[in-house]
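The structure under discussion appears below in the form of structure tokens.
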Amino acid sequence: MEKIEQLFTFIDSTAGSVQEAKNVSYLEGVLAALNGWLDGENVPEGEWERNDIRKGIQLSLLKGMRESAQVNHQMTPDSLGLLVGYLVEQFFEEQLTKKEIITMLDPAVGTGNLLLTVMNLIGDQVTGAGIELDDLLIQLAAASADLQQQPVALYHQNALMPLLIDPVDAVVCDVPVGYYPDEEYANANYTIHAEEGMTYAHHLFIEKSINQLRDGGYAFFLVPSMIFESEQARQLFTYIKTNTWIQAVIQLPSTLFKKEQMAKSIFVVQKKSATEKPVKDVLLAKVPSLSNPQALEQFFARVRQWKKDEEK
Ligand code: SAM
């Protein structure tokens with residue numbers, strides 16, 4: 001049996017037993033299994049690499065989320081996390097080569113899978129922070145980060161309210177999509193607010209994330225591909241143009257999503273700074289099917305070439 005399957009079987013059987021004995025959800029059972037492992041009460045045999053741990057946990061979370069009726073119980077899969085991680089590596093190549101530490105925030109951290117996929121890809125050069133509203137998801141993220149020995153500070157709060165987090169070098173975020181119900185708060189505190197009615201939460205998340213970046217920092221968003229086609233797109237675009245330099249818009253294959261209307265793109269911006277310059281050309285690209293390694297390599301080569309041309 002593969003290591004990841006072995007780990008999944010371990011978590012799954014513990015989670016199943018807890019679920020039955022305590023009459024709780026499967027995801028709560030997964031949390032109990034992870035905490036039991038952390039406390040040393042019930043530890044899987046063998047040596048575990050941090051990415052095997054992440055993948056084993058990911059499989060059990062996927063099973064739990066299929067059973068869960070909660071709409072916010074969504075996880076960013078490996079495939080998307082690795083693409084975001086690849087871009088982070090490209091944009092921070094200089095700092096990473098100099099062995100500098102990058103600070104990274106995910107303001108909608110969920111289970112932590114996206115943040116930890118990116119952190120594990122980079123190695124030991126990221127200090128992470130995550131914010132999440134959901135009580136169970138943030139506990140899962142905390143246990144998962146501890147087991148993977150990644151330094152992540154987690155905040156259980158509404159990310160759109162004031163935060164006590166210093167400006168970061170990078171934001172990664174699979175933004176929650178929908179309307180933000182607190183219309184009064186959004187109108188009083190955000191530049192991007194709808195002229196009438198509720199503002200899109202995904203727009204507010206973008207503004208908040210940009211606010212949390214240091215000057216010259218980068219944000220890597222997973223956003224609905226149709227984001228610039230809505231009736232609130234004008235306010236969003238004006239805000240982005242005023243405060244950032246757009247770097248890249250990368251369309252993801254629609255086969256990765258349940259419905260074509262749910263397709264997402266990776267949107268990369270840099271917060272304006274007095275010491276840096278905008279890019280000459282925004283990278284506009286389409287990720288090919290992930291099952292075609294040759295086409296995928298061509299895509300990565302195109303990103304590298306774009307970056308080289310920008311550095312000239
Ligand atoms: N990247 C995450 C992962 O890998 O598990 C999944 C992110 S999911 C698409 C969006 C997350 O945002 C959900 O976990 C949801 O609970 C959270 N969320 C929604 N509104 C929020 C808010 N106002 N403040 C903090 N978290 C919020």
Side-chain angles (χ1 to χ4, degrees), residues 27 30-31 34 51 54-55 57-66 68-85 88 104-121 128-145 148 150 152-165 170-183 185-186 189-190 192-193 198-209 211-212 219-225 227 252 256-258 262-267:
L27 281 178
V30 171
L31 179 62
L34 303 184
N51 237 352
R54 189 187 56 73
K55 287 181 189 166
I57 296 175
Q58 176 180 247
L59 288 181
S60 59
L61 294 177
L62 274 175
K63 176 171 170 182
M65 285 181 172
R66 268 197 295 268
S68 153
Q70 297 237 32
V71 279
N72 62 326
H73 282 180
Q74 288 167 19
M75 179 176 49
T76 312
D78 261 337
S79 45
L80 304 191
L82 289 168
L83 285 166
V84 172
V88 172
M104 184 177 289
L105 168 70
D106 184 343
V109 77
T111 63
N113 201 44
L114 170 64
L115 181 65
L116 290 163
T117 305
V118 176
M119 289 178 76
N120 289 354
L121 186 76
I131 308 169
E132 174 56 51
L133 258 183
D134 187 285
D135 186 37
L136 177 58
L137 295 186
I138 197 158
Q139 290 184 70
L140 286 163
S144 183
Q148 292 170 62
Q150 283 288 16
V152 182
L154 289 162
Y155 302 84
H156 182 205
Q157 72 155 95
N158 180 345
L160 299 175
M161 293 285 166
L163 302 177
L164 285 172
I165 300 178
V171 165
V172 293
C173 188
D174 185 354
V175 295
V177 178
Y179 285 106
Y180 187 59
D182 193 343
E183 196 178 318
Y185 187 83
N189 294 282
Y190 284 83
I192 309 180
H193 62 76
M198 286 187 276
T199 304
Y200 284 130
H202 39 296
H203 291 195
L204 300 178
F205 261 84
I206 290 176
E207 177 170 338
K208 187 72 180 188
S209 300
N211 264 325
Q212 282 300 128
F220 304 81
F221 298 113
L222 283 162
V223 294
S225 294
I227 194 162
L252 296 162
L256 290 179
F257 305 93
K258 276 190 204 138
M262 289 164 102
K264 292 190 182 182
S265 295
I266 304 176
F267 181 51

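Remember, it's 1-based here, ligands and their atoms both numbered in the order they're listed. Residue numbers count from 1 along this sequence. It should be emphasised that the depicted structure is a prediction, and the values quoted were computed from it without experimental measurement.
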For ligand 1, run through the N/O pairs with the protein that fall under 3.5 Å and put one pair on each line.
{"unit_1": "ligand 1", "atom_1": "1 (N)", "unit_2": "T76", "atom_2": "OG1", "d": "2.8"}
{"unit_1": "ligand 1", "atom_1": "4 (O)", "unit_2": "T76", "atom_2": "N", "d": "3.1"}
{"unit_1": "ligand 1", "atom_1": "4 (O)", "unit_2": "T76", "atom_2": "OG1", "d": "3.4"}
{"unit_1": "ligand 1", "atom_1": "4 (O)", "unit_2": "N113", "atom_2": "N", "d": "3.4"}
{"unit_1": "ligand 1", "atom_1": "4 (O)", "unit_2": "L114", "atom_2": "N", "d": "3.1"}
{"unit_1": "ligand 1", "atom_1": "5 (O)", "unit_2": "T111", "atom_2": "N", "d": "2.9"}
{"unit_1": "ligand 1", "atom_1": "5 (O)", "unit_2": "T111", "atom_2": "OG1", "d": "2.7"}
{"unit_1": "ligand 1", "atom_1": "14 (O)", "unit_2": "E132", "atom_2": "OE1", "d": "2.8"}
{"unit_1": "ligand 1", "atom_1": "14 (O)", "unit_2": "E132", "atom_2": "OE2", "d": "3.3"}
{"unit_1": "ligand 1", "atom_1": "16 (O)", "unit_2": "N72", "atom_2": "ND2", "d": "3.1"}
{"unit_1": "ligand 1", "atom_1": "16 (O)", "unit_2": "E132", "atom_2": "OE2", "d": "2.5"}
{"unit_1": "ligand 1", "atom_1": "23 (N)", "unit_2": "N158", "atom_2": "OD1", "d": "2.8"}
{"unit_1": "ligand 1", "atom_1": "24 (N)", "unit_2": "A159", "atom_2": "N", "d": "2.9"}
{"unit_1": "ligand 1", "atom_1": "26 (N)", "unit_2": "L133", "atom_2": "N", "d": "3.4"}

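When ring centroids are compared, Y200 and Y180 stay outside the 6.0 Å threshold.
For K55, the side chain to side chain donor-acceptor pair (under 3.5 Å) criterion is met by no residue, not counting sequence neighbours. Listed by chain and number, the residues in a side chain to side chain donor-acceptor pair (under 3.5 Å) with Y190 amount to none (sequence neighbours excluded). For S60, the side chain to side chain donor-acceptor pair (under 3.5 Å) criterion is met by no residue, not counting sequence neighbours.
Q157 contributes no side-chain N or O that, together with a main-chain N or O of L163, makes up a donor-acceptor pair within less than 3.5 Å. Using modelled atom types, no side-chain atom of D106 and backbone atom of G130 make a donor-acceptor pair closer than 3.5 Å.
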